[in-house]
Amino acid sequence: MKELKRLTCKVENIDLSNSKVLTEQDFMHNYVTEPNYIRLDNSVPLGQIEKIRKYKNNFYILSNDKIYIFNGKGKYLKTIDHKGHGRNEYIVLRDFQILPKENIILGIDDKEKKIFKFSLRTGKCLGTMDEIVASPFARKIGKYYIHSLLYGNDANLEDSHLIVVTDGKKTIAKQFSMPPIIEHAIMENNIYEHSHYATFIPLYSDTVYSINDNLTYYPKYVVKQKKSLWSKKNEKINSNQVIKMLQMQSYTYLSPETFMETKNGIIFSLKHGDKYAIYNKHYLYDKVKRNIYEIQTGVYREKIDRIFPFSISFTDDNSFYGYYRDMSDYKVLLKYGYLKNGQLFDIIKESKKGDNPVLVEFKLKN
């Protein structure tokens, strides 16, 4: 296999030492438009959300190895469910991608090593193709499939790479030899589709790459951290050791599953910890003014009426889409009088334990 061709482009540095602090209230009021909250009805209970996508005002949500479809007001429409051990059935559904031009949804099952094609209109399985390189996360960009790999995914431990590109029938190219620190890592979703390229972040890396539809790539952003875990990239460190380094030694790393880029800005997270747990520290990068802000979440010193969502899961043009995992958890804010009356107040007040998540949509202001 050949390697992807590296383009010469200026890398944009995002230096976190220059960040200014924003409360989540300031961010949600002054930097984004009025949030649109979508309460998902409870007719079909969801489990842990793995992925959210929006297409033609419908939301597609991956949970429990199924794709649940809700309309723009949160009403349940139908489920794409082909789980099983028979023909045209998957064992696990790790990932999916909507391809409007082809009128299909791609589903990835790395256990069965197959890519499934579902009708975007009906949800019916239209057939499968063998996944040449078994990977939990893959994206079709143009005519190529870009596979993000774990150590040993390609069954060739002597030549293991982070990215392998195929055309659906044979391998075409590879890139990024796997450093020792990743060999025993737990996989995180680290590849996101855009119109003509995919954004890729090697796990624990500070660099965000653009992988293009013409077999080229280039480093796009570098997130500069005070004590980056990537400085240990040549050491074989298992996931338990990583947790201890975050909790006890103040190391951090760029979370690849929460780097969400829009036209004018990026919301991303840094993994860090203390002796109690591992946390996400959220940032906003203004691409126009090139300003960096830390969004301080979970700190309530005064009454608020907007709360940063549990997770940001999808972007489109200049819009962000996220969700609140369990609104009833926020009732403590009502109990102690921290929440002002308003739309979010009413949603939390009416919520019950076990309700489906609440989605949120907002845009960055110009």
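Along the sequence shown, residues carry numbers from 1.
- Heavy atoms of other residues, nucleotides or ligands lying less than 6.0 angstrom from NZ of K75 number 12 at most.
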Kindly determine whether E193 and K140 satisfy salt bridge (charged side-chain N to carboxylate O under 4.0 Å, His left out), including the steps that lead there.
CA-CA 8 Å; E193 70 274 16; K140 189 178 184 185; over 6 Å; no
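- Of the N and O atoms on the side chains of T262 and N318, at least one donor lies less than 3.5 Å from an acceptor on the other residue.
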Worked check of ring-ring contact (aromatic ring centres under 6.0 Å, His included) between Y218 and Y209
CA-CA 6 Å; Y218 61 90; Y209 294 92; 9.0 Å; no
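- Using a 4.5 Å heavy-atom threshold, the side chains of Y60 and I52 count as separate.
- Heavy atoms only, all atoms of each residue included: K233 and P180 are closest at O-CD, 3.3 Å.
- K227 forms a cation-pi arrangement with Y251, by the criterion of a distance under 6.0 Å to the ring centre and an angle within 45° of the ring axis.
- You'll find the side chain of F320 reaches within 4.5 Å of the side chain of L364, heavy atoms only.
- A salt bridge does not link D130 to K113: none of the charged nitrogens lies less than 4.0 Å from a carboxylate oxygen.
- Checked by atom type, the side-chain pair H272/N280 shows no donor-acceptor distance below 3.5 Å.
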Derivation of the salt bridge (charged side-chain N to carboxylate O under 4.0 Å, His left out) call for E24 and R306:
CA-CA 8 Å; E24 59 188 310; R306 297 184 186 179; over 6 Å; no
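- Around OH of Y338, the count of heavy atoms belonging to other residues, nucleotides or ligands within 6.0 Å does not exceed 12.
- In this pair, F70 and Y68 present their aromatic rings tilted. The plane angle is within the 30 to 60° band.
- Atom-to-atom distance recorded for M260:CE and F314:CZ is 9.5 Å, nearest 0.5 angstrom.
- Remark: K83 does not engage E89 in a salt bridge, criterion side-chain N to carboxylate O under 4.0 Å.
- Contact check on K170 versus D167 returns a salt bridge, with a Lys/Arg side-chain nitrogen under 4.0 Å from an Asp/Glu carboxylate oxygen.
- Taking hydrophobic clusters as Ile, Leu, Val, Met, Phe, Trp and Tyr residues chained together by side-chain heavy-atom distances below 4.5 Å, I67 shares a cluster with Y90.
- Note on ring orientation: taking the six-membered ring where Trp is involved, the planes of Y31 and F27 are parallel (angle under 30°, cut-offs 30° and 60°).
- Residues H29 and D305 form a side-chain contact, since some pair of their non-hydrogen atoms from C-beta on lies under 4.5 Å apart.
- For the residue pair D206/Q225, the side-chain donor-acceptor check at 3.5 Å is satisfied.
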I'd like to know whether Y253 forms a ring-ring contact (aromatic ring centres under 6.0 Å, His included) with Y204, so could you lay out the CA-CA distance, the side-chain angles of the two residues, the decisive distance to 0.1 Å, and finally the verdict.
CA-CA 5 Å; Y253 72 86; Y204 306 142; 4.9 Å; yes
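- The main-chain N or O of I115 is never found under 3.5 Å from a side-chain atom of T128 such that the two would form a donor-acceptor pair.
- Counting heavy atoms from C-beta outward, N234 and I181 have side chains that stay 4.5 Å or more apart.
- Here the straight-line distance linking atom OG1 of T252 with atom CG of L270 works out to 4.0 Å at 0.5 Å rounding.
- A donor atom on one side chain and an acceptor atom on the other are not found under 3.5 Å apart for D355 and S351.
- Side-chain atoms of S63 come within 3.5 Å of backbone atoms of G47 as a donor-acceptor pair (strictly under, hydrogens ignored).
- Using a 4.5 Å cut-off between side-chain heavy atoms of Ile, Leu, Val, Met, Phe, Trp and Tyr, with links allowed through other members, Y76 and I80 fall into different hydrophobic clusters.
- Ring geometry for Y217 against F176 counts as perpendicular: the plane angle is over 60°, on a 0 to 90° scale with 30° as the lower cut.
- No chain of hydrophobic side-chain contacts below 4.5 Å, direct or via other Ile, Leu, Val, Met, Phe, Trp or Tyr residues, connects Y323 to V360.
- Below 30°, between 30° and 60°, or above 60°: for F118 and F116 the angle between ring planes is below 30°, a parallel geometry.
- Looking at N212, its side chain never comes within 3.5 Å of a backbone N or O of L215 through a donor-acceptor pair.
- Under the 4.5 Å side-chain criterion, counting only non-hydrogen atoms from C-beta, V165 is not in contact with H147.
- The shortest distance between side-chain heavy atoms of Y197 and T216 does not fall below 4.5 Å.
- Within 6.0 Å of NE2 on H196 lie no more than 12 heavy atoms contributed by other residues, nucleotides or ligands.
- For K365, the NZ atom counts as densely surrounded, since its 6.0 Å shell holds more than 12 non-hydrogen atoms of other residues, nucleotides or ligands.
- With rounding to the nearest 0.5 angstrom, the OH atom of Y283 is 12.0 Å from the CG atom of L22.
- With salt bridges taken as basic N to acidic carboxylate O contacts below 4.0 Å, none links D316 and R53.
- No more than 12 heavy atoms of other residues, nucleotides or ligands sit less than 6.0 Å from atom NZ of K263.
- Here the CD1 atom belonging to I307 is positioned 5.0 Å from the CG atom belonging to L333, to the nearest 0.5 angstrom.
- Distance check, rounded to the nearest 0.5 Å: CZ of F268 to OG1 of T258 gives 9.0 Å.
- Under a cut-off of 6.0 angstrom, the local environment of NZ in K331 is crowded, with over 12 non-hydrogen atoms contributed by other residues, nucleotides or ligands.
- Side-chain atoms of Q241 come within 3.5 Å of backbone atoms of N238 as a donor-acceptor pair (strictly under, hydrogens ignored).
- A salt bridge is absent between K114 and E131; no separation between the charged side-chain nitrogens and carboxylate oxygens falls under 4.0 Å.
- Side-chain contact between M245 and I237: present, with at least one pair of heavy atoms (C-beta onward) separated by less than 4.5 Å.
- Using the six-membered ring where Trp is involved, Y285 and Y221 have ring planes that are perpendicular, over 60° apart on the 30 and 60° scheme.
- Checked by atom type, the side-chain pair D41/S43 shows a donor-acceptor distance below 3.5 Å.
- When only modelled atom types and interatomic distance are considered, S231 and S228 share no side-chain donor-acceptor pair under 3.5 Å.
- Judged by distance alone, the side chain of N88 and the main-chain N or O of C125 form no donor-acceptor pair under 3.5 Å.
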Take D317 and S319 through the side chain to side chain donor-acceptor pair (under 3.5 Å) test and state the conclusion after the steps.
CA-CA 6 Å; D317 190 29; S319 295; over 6 Å; no
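- Defined by atom type and a distance below 3.5 Å, a donor-acceptor pair is present between the side-chain atoms of T199 and H194.
- Here E12 pairs with R290 in a salt bridge; the nearest charged N to carboxylate O distance falls below 4.0 Å.
- Using a 4.5 Å heavy-atom cutoff, the side chains of P357 and M327 are not in contact.
- The neighbour count for Q48 CD, taken as heavy atoms of other residues, nucleotides or ligands under 6.0 Å away, does not exceed 12.
- Using a 4.0 Å cut-off between charged side-chain N and carboxylate O, K66 and E50 make no salt bridge.
- Looking only at atom types and distance, the side chain of D81 has no donor-acceptor partner in the side chain of T79 under 3.5 Å away.
- Salt bridge status for E102 with K117: absent, with no side-chain N to carboxylate O gap under 4.0 Å.
- Among the candidates D95, N190, N189, the single residue satisfying the side chain to side chain donor-acceptor pair (under 3.5 Å) test with S148 is N190.
- Around NZ of K51, the count of heavy atoms belonging to other residues, nucleotides or ligands within 6.0 Å exceeds 12.
- Hydrophobic cluster membership differs between Y192 and L203, with clusters built from Ile, Leu, Val, Met, Phe, Trp and Tyr side chains linked at under 4.5 angstrom.
- The CG atom of N36 sits 5.5 Å away from the CD atom of E361 when rounded to the nearest 0.5 Å.
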